[in-house]
Amino acid sequence: MLEPGDLLALAFDREAGVAVASRTACLDLSGDPVSVVHEVEQELRPRWVWWDRSTADRLAAAGLVVDRCWDILIAHRLQVGGWSTSIAEVWAHLHGLDPQTVPQMGQMDLLATADEGHDVDQPSRPDGHLRPEWIAGAWSESPVRRMRWASLTLESASSQIAQLEAKDSSGRLRSTARSESAAELLCAELERDGLPIDETEAVRIIGDASGPRPRTYAEEDAARARRDHEVLQLLDPPQDVNLRNPADVKAMLRRSGLDLPDTRAWRLEQLRGTDPLIDALLKWRKDERIATTYGWGWLDENVAGGRLRGSWTSADGAAGRMTASAGLHNLPAPMRPAVAAEPGHRFVRADLGQIEPRVLAAVSGDPALIEATREADLYRPVAHRLGVSREIAKVAVLGAMYGATTGESAGALQGLQRSYPTAMQLLEHAAERGRLGEDVFTIGGRRVRMGGGASPDGDIERARSAAASRGRYARNALIQGAAAEFFKVWAVLVRRRLRPFGATVVLCLHDELLVQVPEAAGQEAADAMVHAIGEAAHHWSPQPDVRFVADVSIIRRWSEAKA
DNA sequence: ATCGTAGGCGCC
DNA sequence: AAAGGGCGCCTACGAT
């Protein structure tokens, strides 16, 4: 029988059945696959191994909760960068097969012929590649196939772990692969559960911004024309301007005596109050945003049964941030009152404070910056040390991490280099690699691809600008990527530690977690979320003395959180 | 018609 | 205070 051990490969298909493979046994478990997995989870607490998100999705759909896992594709992407990959490619990689010869799904018919005389109950073909039809689902068709699939899953993970440890003896890569795997599982659950929405409130907000729900296309056009008219009526010689065309808007403003390089909001915002046209245009854009992106169509398409659902990826961004669709990551502030805990429940919202400079202190090991993290407001000691205002210090630190070169922060940059040389050197080194087109690596071991080096010929100015852009990108990726890794360690710990309270994570937002919890458990859950920060830092931070802080509140609506 | 790109804005 | 990094999603537009 199965014994307590670390890795336990899982071939799970609710309809077909379930097989598991450990180092000592391989079983096709008959009966109810859901209760079987549940029992094994409770009794053995294994680290479940699977190939990709499809297993996480199946577990989520079955309502199964497991804690520890290893997602082979997630671990692979961590090492090769943000490129898409597949089971077939990772298999080929692990077995030293030529990636060019990986069979495609479209070739299945041809392969079936070429396969004649071979045992199609074997997962791999004579040439060593995995059978595409197995990957597509044929692995689950019989007990023997399920067991073979579980076995090769375990073998693949084991050899992947061996390769990964040979590359990184610190164990950091392995640790990142674990937390990133759990984050991928969390994404499957976020996708299934969605974010609680008070639909009545959502309807009210959308109605206020874009007018009542149109019943016909004509009504929709009329509402659109009404919004446009608020701006166009201010034009002295009456003109027909397409407000949705930036070039037209720029020309319109020039005719009104405003010559601007572009029409971006921050630029117009500085002119607010100087010209009614500017104010009207800014209001038009806010309303237009709600009407087009977060209006009736958005509500119909993404909100159902009191939940806003979108797709979640755990590391889609270049530097490994989580991404989400359907507005989950960019819901305008005026719409946030619609995000409301369900009856009898509360949200616990926690966001990591000043996460990027604290992460910079951790990954660089800069002693002076580590010292600054001891303060709840890190920018204060930095300002004191530089002899500048807090605001200037903040802009300078952020500018150093984003690659700003001009403006007020440029002066303070000198001071940063003198006071925090270790941190600044780390950033500068990353920027230099980026300019040269060389990949950089986050502290957790994620490869960030720089996509092609310097172009050999052509416009020198363009090449210079592209190199500078890559430099800024690399500089930021190191920090943003590390922050994303730390955040995910925290998020998956919260998922596990808060489960006894009946709490579920309902939103992950780069440095912010929103958890829904039964009303009575609010305070305990909030305390546990704060405690999990220290635990996450213990797991993740290369520097034990770096302090991470959070702002936590127990609220009914997302909008109630502090500004 | 369908595609990719650019400008723009929402959030972090 | 400056306008730098990331993503998703909108519209318009030029190329195919």
Side-chain angles (χ1 to χ4, degrees), chain A residues 82 209 224 228 241-250 260-270 281-282 284-295 297-298 301-302 310-336 339 351-356 359-360 379 383 388-413 427 430-431 434 440 448 468-484 487 507-514 558:
Chain A
R224 210 168 120 113
D228 293 1
V241 178
N242 182 356
L243 296 172
R244 292 159 191 84
N245 182 335
D248 277 17
V249 172
K250 192 179 160 192
L260 302 172
D262 58 59
T263 69
R264 292 187 182 159
W266 65 267
R267 221 182 274 283
L268 299 181
E269 203 65 53
Q270 294 177 329
L281 187 54
L282 283 166
W284 178 89
R285 282 194 173 156
K286 293 231 179 294
D287 289 346
E288 183 75 1
R289 170 65 42 193
I290 301 235
T292 57
T293 307
Y294 302 105
W298 169 83
E301 207 162 312
N302 303 294
S311 50
W312 284 85
T313 65
S314 62
D316 200 31
R321 268 189 174 180
M322 294 173 95
T323 64
S325 68
L328 284 157
H329 274 179
N330 44 11
L331 206 62
M335 301 215 53
R336 296 192 174 195
V339 180
D351 78 302
L352 300 169
Q354 305 169 339
I355 184 61
E356 291 181 331
V359 158
L360 173 59
Y379 297 120
V388 298
S389 73
R390 182 192 177 279
E391 284 311 300
I392 296 282
K394 179 179 172 182
V395 169
V397 171
L398 294 175
M401 289 186 297
Y402 288 152
T405 50
T406 57
E408 200 83 26
S409 64
L413 212 57
L427 293 170
V440 295
V448 179
S469 170
R470 282 199 309 273
R472 288 192 299 271
Y473 177 85
R475 180 189 287 269
N476 182 248
L478 227 58
I479 303 305
Q480 194 187 97
F487 174 80
L507 188 69
C508 295
L509 194 44
H510 307 315
D511 64 352
E512 176 177 352
L513 273 177
L514 198 62
W558 196 13

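Every chain is numbered from 1 and lettered A, B, ... according to where its sequence line falls, protein lines coming before strand lines.
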Among the nucleotides B/dC9, C/dA3, C/dG6, whichever has the atom closest to the side chain of A/Arg264 is B/dC9
Remember a base hit wins even if backbone is also touched, and classify A/Ala324 as base, sugar-phosphate or nothing at under 4.0 Å, heavy atoms. sugar-phosphate
Could you check whether A/Ala326 gets within reach of a base, just the sugar-phosphate, or nothing at all, counting any heavy atom under 4.0 Å? sugar-phosphate
Quick note, A/Leu509 side chain, CB onward, closest among C/dG6, B/dC12, C/dG4 is B/dC12
Does a side-chain N or O of A/Thr263 approach OP1 or OP2 of B/dG8 to a distance below 4.0 Å, or not? yes
Of the nucleotides B/dC12, B/dG8, C/dA2, which one has an atom closest to the side chain of A/Val395? C/dA2
Reckon A/Leu331 touches a base, only the sugar-phosphate, or nothing at all at heavy-atom distances under 4.0 Å? sugar-phosphate
Given B/dG10, is OP1 or OP2 found less than 4.0 Å from the side-chain N or O atoms of A/Lys286? yes
Looking only at the side chain of A/Asp316 (C-beta and beyond, no hydrogens), which of the listed nucleotides C/dG6, C/dA1, C/dG8 gets closest? C/dG8
Nearest-angstrom distance from the residue atom NZ of A/Lys250 to C1' of C/dC13: 16 Å
Pick base, sugar-phosphate or nothing for A/Arg390, based on heavy-atom distances below 4.0 Å to the nucleic acid. nothing
Contact under 4.0 Å: A/Asn245 side-chain N or O vs C/dT11 OP1/OP2: no
Backbone N or O of A/Tyr294 within a donor-acceptor pair of the A/Arg289 side chain at under 3.5 Å? no
Judged by nearest nucleotide, the residue sitting upstream toward the 5' end of DNA chain C, A/Asn476 or A/Glu391, is A/Glu391
Using every non-hydrogen atom in the two residues, find where A/Arg285 and A/Ala265 come nearest and quote the distance to one decimal. NH1-N, 4.2 Å
Scanning both residues in full, the closest heavy-atom pair of A/Leu509 with A/Leu328 reads CD1-O, 4.3 Å
Taking only side-chain N and O atoms of A/Arg472, does any of them lie within less than 4.0 angstrom of OP1 or OP2 on C/dG5? yes
Would one find a side-chain N or O of A/Arg289 under 4.0 angstrom from OP1 or OP2 of B/dG10? no
What is the distance, rounded to the nearest whole Å, between atom CH2 of A/Trp298 and atom C1' of C/dG8? 14 Å
Base, sugar-phosphate, or nothing for A/Asp248, non-hydrogen atoms under 4.0 angstrom? nothing
So which one's nearest nucleotide on DNA chain C is more toward 5', A/Glu356 or A/Arg244? A/Glu356
